[in-house]
Peer 1: 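I'd like to ask you about the structure that follows.
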Number of protein chains: 2
Amino acid sequence: MGRMSEGSVRLDATAKRIIELLQEDGRISYAAIAKAVGLSEAAARARVQKLLDSEVMQVVAVTDPTQVGFTRQAMIGVRTEGDPMKVGDRLAEVSEVDYVVTTAGSFDLLVEVVCEDDPHLLDVIRQVRELEGVVSSETFVYLKLNKQHYNWGTR
Amino acid sequence: MGRMSEGSVRLDATAKRIIELLQEDGRISYAAIAKAVGLSEAAARARVQKLLDSEVMQVVAVTDPTQVGFTRQAMIGVRTEGDPMKVGDRLAEVSEVDYVVTTAGSFDLLVEVVCEDDPHLLDVIRQVRELEGVVSSETFVYLKLNKQHYNWGTR
DNA sequence: CAAAGATTCTGCGGTAATCGCAGAATTAAC
DNA sequence: GTTAATTCTGCGATTACCGCAGAATCTTTG
């Protein structure tokens, strides 16, 4: 995923079960996956590789930003003129931006940013507001992360 | 992380480098990590285990929701009365909610939800608005995910 | 429906990675 | 400066991973 490669790949029950296992523990062995889904190790390995190649799934380390030197996080609601997608793609290029989504509602884009401190955040906000096509923005500084999970299953 | 365990663990350069390697590829071998950071395999393995145990980092599969049967995603801005944290913790218990953050700004909470379709989303919104302490809410339906990444490094 | 083609699977040998542990080295505490 | 705690290296024993050949299954096509 990451850039969502379209072309919705069809996922059978086995693929979904494999995803769920890796959502629990990204470093589980192919052998363990194979046993859990009732396939040979080689088949399970091929399945995982295919899911990674097709970008349906990625296996990565996710960190708590506050513990690795990023004190300030925020969501920025952005109103645009012209094509929101274009602005979104340009925002996506900013390194402090880790999440950009085009939405329907009183904001055209929602942008999550990860900063080291307040001056850094201020600078990023300035960068966003100076972007061509950005009409206005509203910043929501994060006070506390109550929940964050990645195992929403597959169904 | 996930519930962020406080107690900021001190991260030295080696730990940060290890995190960065795993942000690139969550299934990289301990041997490869060891070689990259200049430690023995056993030491690298102990480091990774410690990072996982201390909940500074987790290694998980992350999927593109649209490809695994969840067509409708949305961010819900919530205004509360009373303690926003309390409401946030209650929202965190809703299974369709994968992300809850307490913020400063015109919303007290931002809540991301993952749904199968529009009726499902409607039901979740109803659930949110009925929660004690929720005064009002505004929903931003996702039209396109422009960017999503997890390798914001460590510094 | 039958044959051809494409996928996906199993089985297996060779290689590489993982695990657990004992002891050395380093770091922190007193 | 001594003790204690942590972290590291080295190394067998075990397990997992990789690549491939051939069988099985699912798809396409005439």
Side-chain angles (χ1 to χ4, degrees), chain A residues 1 4-64 67-69 151 153-155, chain B residues 1 4-64 66-69 150-151 153-155:
Chain A
M1 53 141 327
M4 59 164 101
S5 69
E6 312 302 331
S8 274
V9 185
R10 182 135 210 73
L11 298 180
D12 60 16
T14 303
K16 291 179 176 178
R17 183 85 193 91
I18 290 175
I19 291 172
E20 285 171 356
L21 290 166
L22 286 165
Q23 282 175 334
E24 284 295 318
D25 172 13
R27 291 185 71 79
I28 185 176
S29 74
Y30 292 126
I33 293 172
K35 188 155 60 178
V37 304
L39 281 181
S40 67
E41 182 273 336
R45 176 158 37 99
R47 291 283 204 137
V48 170
Q49 202 52 56
K50 203 180 132 198
L51 287 170
L52 294 173
D53 290 344
S54 64
E55 297 185 317
V56 169
M57 151 190 108
Q58 58 182 145
V59 177
V60 294
V62 179
T63 56
D64 177 350
Q67 296 214 18
V68 292
N151 53 325
T154 47
R155 291 172 229 183
Chain B
M1 55 143 324
M4 58 165 103
S5 69
E6 313 302 332
S8 276
V9 185
R10 182 137 207 74
L11 298 179
D12 61 16
T14 304
K16 290 179 178 179
R17 184 85 192 92
I18 289 175
I19 291 172
E20 284 172 356
L21 290 166
L22 285 165
Q23 283 176 333
E24 284 295 318
D25 172 12
R27 291 184 71 80
I28 185 177
S29 75
Y30 293 125
I33 293 172
K35 188 156 59 180
V37 304
L39 281 180
S40 67
E41 182 273 335
R45 177 158 36 96
R47 292 282 205 139
V48 170
Q49 202 52 55
K50 203 181 132 198
L51 287 170
L52 294 173
D53 291 344
S54 64
E55 296 185 319
V56 168
M57 149 189 109
Q58 58 182 144
V59 177
V60 293
V62 179
T63 55
D64 178 349
T66 63
Q67 295 213 19
V68 291
Y150 302 94
N151 52 323
T154 48
R155 286 172 232 185

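Each chain gets a letter, A, B and so on, in the order its sequence line appears, and its residues count up from 1. Hydrogens, waters and symmetry mates are skipped; everything else that's a heavy atom, side chains included, is used.
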Peer 1: To the closest 0.5 Å, what do you measure between CD (B/Gln49) and OG (B/Ser54)?
Peer 2: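 It is 10.0 Å, given to the nearest 0.5 Å.
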Peer 1: On a heavy-atom basis, which atom in B/Asp12 and which in B/Ala15 lie closest, and how many Å separate them?
Peer 2: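 Residues B/Asp12 and B/Ala15, closest heavy atoms: OD1-N, 2.8 Å.
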Peer 1: Would you indicate which nucleotide in D/dC20, C/dC9, D/dG10 comes nearest to any side-chain atom of A/Ala42?
Peer 2: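 For the A/Ala42 side chain, the nearest candidate turns out to be D/dC20.
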Peer 1: Polar pairs (N or O, both sides) under 3.5 Å between protein and nucleotides 16-19 of chain C?
Peer 2:
residue : atom : partner : partner atom : Å
C/dT18  : OP1  : B/Tyr30 : N            : 3.2
C/dT18  : OP2  : B/Tyr30 : N            : 2.9
C/dT18  : OP2  : B/Ala31 : N            : 3.1

Peer 1: Using whole Å, what does the distance between atom C1' of nucleotide C/dT8 and atom CG of A/Asp53 come to?
Peer 2: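 In whole Å, C/dT8 C1' lies 15 Å from A/Asp53 CG.
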Peer 1: What are the two closest non-hydrogen atoms of A/Ile19 and B/Ala61, and how far apart are they?
Peer 2: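 Closest heavy-atom pair between A/Ile19 and B/Ala61: O-CB, 4.4 Å.
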Peer 1: What residues, two or more places apart in sequence or in another chain, satisfy side-chain contact (heavy atoms from CB on, under 4.5 Å) together with A/Ala46?
Peer 2: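 Result, side-chain contact (heavy atoms from CB on, under 4.5 Å) vs A/Ala46: none returned.
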Peer 1: So what is the end-to-end bend of the helix from C/dC1-D/dG30 to C/dA29-D/dT2, with 5 pairs used at each end and the value given to 10 degrees?
Peer 2: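 The angle separating the two end axes equals 50°.
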Peer 1: Out of D/dC8, C/dC9, C/dT8, which has the shortest distance to the side chain of A/Arg47?
Peer 2: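 The closest nucleotide is C/dC9.
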Peer 1: Restricting to non-hydrogen atoms, name the atom on B/Gln67 and the atom on A/Leu11 that form the minimum distance, rounded to 0.1 Å.
Peer 2: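 Where B/Gln67 meets A/Leu11 most closely, the heavy atoms are O-CD1, 3.5 Å.
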Peer 1: Does a nitrogen or oxygen in the side chain of B/Lys50 sit under 4.0 Å from OP1 or OP2 of D/dT6?
Peer 2: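 For B/Lys50, the contact criterion (side-chain N or O under 4.0 Å from OP1 or OP2 of D/dT6) is not met.
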Peer 1: Give me the distances for all protein-to-nucleotides 22-25 of chain D N/O pairs that come in under 3.5 Å?
Peer 2:
none

Peer 1: Sequence neighbours excluded, which residues qualify as side chain to side chain donor-acceptor pair (under 3.5 Å) partners of B/Arg45?
Peer 2: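 Checked B/Arg45 against side chain to side chain donor-acceptor pair (under 3.5 Å); matches are B/Glu41.
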Peer 1: Round to the nearest Å and state the distance from B/Gln49 atom CD to D/dT6 atom P.
Peer 2: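 So the CD-P distance, B/Gln49 to D/dT6, works out to 17 Å.
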Peer 1: Determine the minimum heavy-atom distance between A/Ala44 and A/Ile33, stating which atoms define it.
Peer 2: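 Between these two residues, the closest heavy atoms are CB-CG2, 4.1 Å.
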Peer 1: Return the set of residues passing side chain to side chain donor-acceptor pair (under 3.5 Å) with B/Arg27 (not counting sequence neighbours), or none when no residue passes.
Peer 2: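 Testing B/Arg27 for side chain to side chain donor-acceptor pair (under 3.5 Å), a comparison that skips the adjacent residues, returns none.
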Peer 1: If you define the side chain from C-beta out and look only at heavy atoms, does anything of B/Asp64 sit under 4.5 Å from A/Val56?
Peer 2: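 Contact flag for B/Asp64/A/Val56 side chains = no.
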Peer 1: Once you round it to whole Å, what is the distance between P of D/dG10 and CG of B/Leu39?
Peer 2: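 One finds 11 Å between P of D/dG10 and CG of B/Leu39, rounded.
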Peer 1: Identify the heavy atoms of B/Val37 and B/Arg17 that sit nearest to each other, and give their distance.
Peer 2: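 Of all heavy-atom pairs spanning B/Val37 and B/Arg17, the closest is CG1-CG, 3.7 Å.
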Peer 1: Given atom CG of A/Asp12 and atom C1' of D/dC26, what is their separation to the nearest angstrom?
Peer 2: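 Roughly 13 Å, once rounded to whole Å.
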Peer 1: Please report, rounded to the nearest Å, how far the P atom of D/dC18 is from the CG atom of A/Leu52.
Peer 2: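 Checked: the CG to P distance equals 12 Å.
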Peer 1: If I compare all heavy atoms of A/Arg47 with all of A/Ile18, which pair ends up nearest, and what's the gap?
Peer 2: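 That closest heavy-atom pairing would be CB-CD1, 3.6 Å.
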Peer 1: In whole angstrom, what separates A/Ile18's CD1 from C/dT8's P?
Peer 2: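 Going from CD1 in A/Ile18 over to P in C/dT8 covers 12 Å.
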